[in-house]
Amino acid sequence: MTAAILTDLTKCVGCQACVWACKELNGLPRGDDARALSATTLTVVERHGNVNVRRQCMHCLDPACASVCPVGALHKTPEGPVAYDESKCIGCRYCMVGCPFSIPKYEWDRRVPRVQKCVMCYAELVSRGRQPACTQVCPAGATVFGQREALLTEARHRVASEPQRYIGHIYGEHEAGGTAVLYLSAVPFDQLGFPTTVRKDPYPRLTWNVLSNLPQVVSVAGVGLIGIWWIVRRRQELAATRPPEGER
Amino acid sequence: MRGRLSRLAAGLTFWRLVLAGLLALGAYATVVRFGRGLGAATNLSDAFPWGLWIGFDVLVGVGLAAGGFAVAATVHVFHITHYKPIARPAVFTAFVGYVLVIVGLLFDLGQPWDIWHPLVMWNPRSVMFEVAWCVMLYTTVLALEFSPLVLERLGLQAPLRLVRAIYVPLVVIGVLLSMLHQSSLGTLYVIVPDKLYGLWYTPWLPVFFFLTAIAAGLAMTIVESYLSQRAFGRELEHDLLDGLARVTVVVLGVYLMWKAQDLTHRGQLALALQLTPEAVMFWGEIGLGVLLPIALLTWPRVRSNRTALFFAALLVVLGFVANRLNVAVTGMARSSGTHYVPSVLELGVTFSLVAAGFAAFAWAARYLDLFPAARPELAPSPKSTAAARAAAAKAAVQPSPTASGWGIAGLWVLLLAGWALLTVARNREATTRTPAAALASQTARRSLAGVRPAAWPAQPRLPAAFSFPRAAGSPGAVSFDHASHIDAAKPRCAHCHREQFSLLRKGSPLRGRLVMDRIRHGELCGRCHNGKQAFGVVPGECDVCHGQ
């Protein structure tokens, strides 16, 4: 059971209702400059050619940002959204470096800055069993909220029933080990600004492969070092008490 | 009065002026950084969140301190006590390095006052969490390792005895922490396979960071010895430096081979042969920072000449700096889509930290017993041991120095030849394999791109014309057509649909009802249809809207 969002780019009319709803709910400034994701624009409708592309946090099933955060400020909630606890954050910005989709943004101009990204309206709506503001207001039904399995089934159904309308790729089904935000499109995703070199395996596995070996390395190296110290010292003690071989 | 002034002027040497200038710039940068935030002080951005302060202050600062653990292990664990005089400067460098890393982090962290959070808020899956703990613990260990110098100076015997009692476990813990930490800084970048350029990204990053840190740490010890000889007439015995240089060559050689094999195995060697900024920086790093110093330091004549040895070691250090900056900045630039050049204030902070490091070292070299064996006034140590050591050194070098030099040179040629062969083999493999692979990927792309363009959504996809219900007394029905109300090339739905005709509140009471009075008062359609932005309500011309 994972809360998820399916965005069908062939249905998006580009009205930006999702953008304004998001800003309203999160109390973000509503200037007319919502052209790219930023610390004040957590979802955006980009134009690529003649396609409207709504971008937001992908809410990975195994998120890189949550795995790299040294204090657990970013964390995967049981309901599915990747939420942020600003009282824990120390501002190291490793989440911004680690995110394969480069989603988290920073409040560079504030003296007490926060990381900002879509948290799927977790505290206000999703944790109370309601849907996020963006899917609530979409007049075209282009972006919808639901359980990930149900939305995947729906997406597959749409692709199968209108194969001429969609490319066969459901973005987010396997990207980064699967994400809770899924996309359908008529145009290949590499033409729409989506990173397409994203790996199919969860990213945290890359660093965990190293980190999980550290206890072994430390214990073996520790015993080895102390052993060497012990043996070398004993040898030197013996060498000191015995006459040197050349004098025998 | 005049005498005091001239004394002051004499004290103001060129380098002191430079130092003062840098510290002033650093102080100004500090005010801007903490007064107005990271955005005002740095050229960092959402696309480039880590810059010079992480790349240099943290990655380089920690790495240069690696000499501390390498030498401490040599002396206290492997009991090669002959190297004991090096231990103190090396440990002190490491300690200063770590303190400066922490100061650098305080600048870079968005919320530096929360730097203690990793102590109580745990995420063991995070490399950064491990780095945080290692920095903290190892700084403590280094402070303890270094404390005998201060305690000796202050003549505090009781704590001195305590530190000496726990010294060996302390060193072992320090070595372990350091190994973890040096490699972890590389592990930080293991999670960005798509962002870090292929010349640097590899799952072996932790090992490479570890190896290069050892080489740079040892080279740094040579550099420091030379500089303190210049400044204070205190330095290390030359045969010790010679030994350090040899170990540096071996470590760099191992690194070079491993790096070459890794590049070939991952099929990234071709990237080094293209003319890109990355390739230029890569060859700068490898050529000047690894290949050249290996060549120089294998040459006995370089090792026996104090100045030449210094410059060769300096190359190793600079190559190491280039490596860390390449990973943190050069290698991340292409994927970020922006250009990052550190701001003057970023440079100011970094240079100030470096200057502070030099100042701390100079202070310690003057006031603490940093180079105990090398102090001329202490030189007359018990004659027998000095003679024994000289004899031992002679015996060690005896098997003809030139012969051993040639031996190393031969080894070095063999290694180079091995790499060349590997490269040739790899290239041949690549050329035989490429066409088929390229063809396959091309067809794959075409099949994706071949999706009927007709299925592309026509833009803008506007809602159908909307007919408002006809009220009593209305002269005719009003129908609203989106197409005649927007700029089709740049539809801005939110221009109207934010307040008066909110899309954000479904079932808003305005839906479906237009009231002429309100329109006349500049609401609803009247917001634009006011006779200025668009035609207004004109008596007798109702049919312009009604009854279409």
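For A:V232, the parts lying under 4.5 angstrom from a heavy atom of chain B are both the backbone and the side chain. With a 4.5 Å cut-off on non-hydrogen atoms, B:L180 touches chain A through its side chain but not through its backbone. Heavy-atom distances place the side chain of B:P206, and not its backbone, under 4.5 Å from chain A. For B:V120, no part lies under 4.5 angstrom from a heavy atom of chain A. For a residue to count as touching a neighbouring chain, one of its non-hydrogen atoms must lie under 4.5 Å from one of that chain's; by this rule A:R235 does not touch chain B. Both the backbone and the side chain of A:I228 come within less than 4.5 Å of a heavy atom of chain B. Only the side chain of B:V168 comes within contact range of chain A, judged by heavy atoms closer than 4.5 Å. Contact annotation for A:T196: neither backbone nor side-chain heavy atoms come within less than 4.5 Å of a heavy atom of chain B. For a residue to count as touching a neighbouring chain, one of its non-hydrogen atoms must lie under 4.5 Å from one of that chain's; by this rule B:P124 touches chain A with the backbone only. Interface residue B:L188: backbone and side-chain heavy atoms are both found under 4.5 Å from chain A. Contacts between B:V127 and chain A at a heavy-atom distance below 4.5 Å involve backbone atoms as well as side-chain atoms. The contact between B:W113 and chain A is made entirely by side chain atoms (from C-beta outward), counting heavy-atom distances below 4.5 Å. Only the backbone of A:A66 comes within less than 4.5 Å of a heavy atom of chain B; no side-chain atom from C-beta onward does.
Put simply, the side chain of A:K76 gets close to the backbone of A:C60: a donor and an acceptor are under 3.5 Å apart. Side chain of A:K105 to main chain of A:K117: no donor-acceptor pair is present (N/O by atom type, distance under 3.5 Å, no hydrogens or angles). Of the possible polar contacts, none joining the A:W208 side chain to the A:Y203 backbone as a donor-acceptor pair under 3.5 Å is found.
For the options B:L176, B:V192, B:L177, heavy-atom pairs under 4.5 Å to chain A are most numerous at B:L176. Options A:V45, A:N209, A:V19, A:L214 differ in how many heavy-atom pairs under 4.5 Å they form with chain B, and the most are formed by A:L214. For the set A:R110, A:M96, A:H75, the entry with the most heavy-atom pairs within less than 4.5 Å of chain B is A:M96. For the options B:S45, B:P112, B:G37, heavy-atom pairs under 4.5 Å to chain A are most numerous at B:S45. Most heavy-atom pairs under 4.5 Å with chain A, from the set B:A47, B:G39, B:P49, B:A132: that is B:P49.
In terms of heavy-atom proximity, B:F209 sits nearest to B:Q182 at CB-O, 3.5 Å.
Ionic pairing of A:D62 and B:R125 is present here: one or more N-O contacts between side-chain nitrogen and carboxylate oxygen are shorter than 4.0 angstrom.
Looking at A:Y183 and A:D8, their side chains never bring a donor and an acceptor atom within 3.5 Å of each other. Between the side chains of A:T43 and A:R55, no donor-acceptor pair of N or O atoms lies under 3.5 Å. A donor-acceptor contact closer than 3.5 angstrom links the side chains of B:E130 and B:S184.
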Does the pair A:R93 and B:D46 meet the rule for a salt bridge (charged side-chain N to carboxylate O under 4.0 Å, His left out), with working shown?
CA-CA 10 Å; A:R93 310 188 296 284; B:D46 284 334; over 6 Å; no

Can B:K195 and A:S102 be said to form a side-chain hydrogen bond (donor to acceptor under 3.5 Å, both in side chains), step by step?
CA-CA 10 Å; B:K195 294 185 179 180; A:S102 301; 3.2 Å; yes

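Exactly one residue among B:V101, B:D57, B:I115 makes a side chain to side chain contact (heavy atoms under 4.5 Å, CB included) with B:L106. That residue is B:I115.
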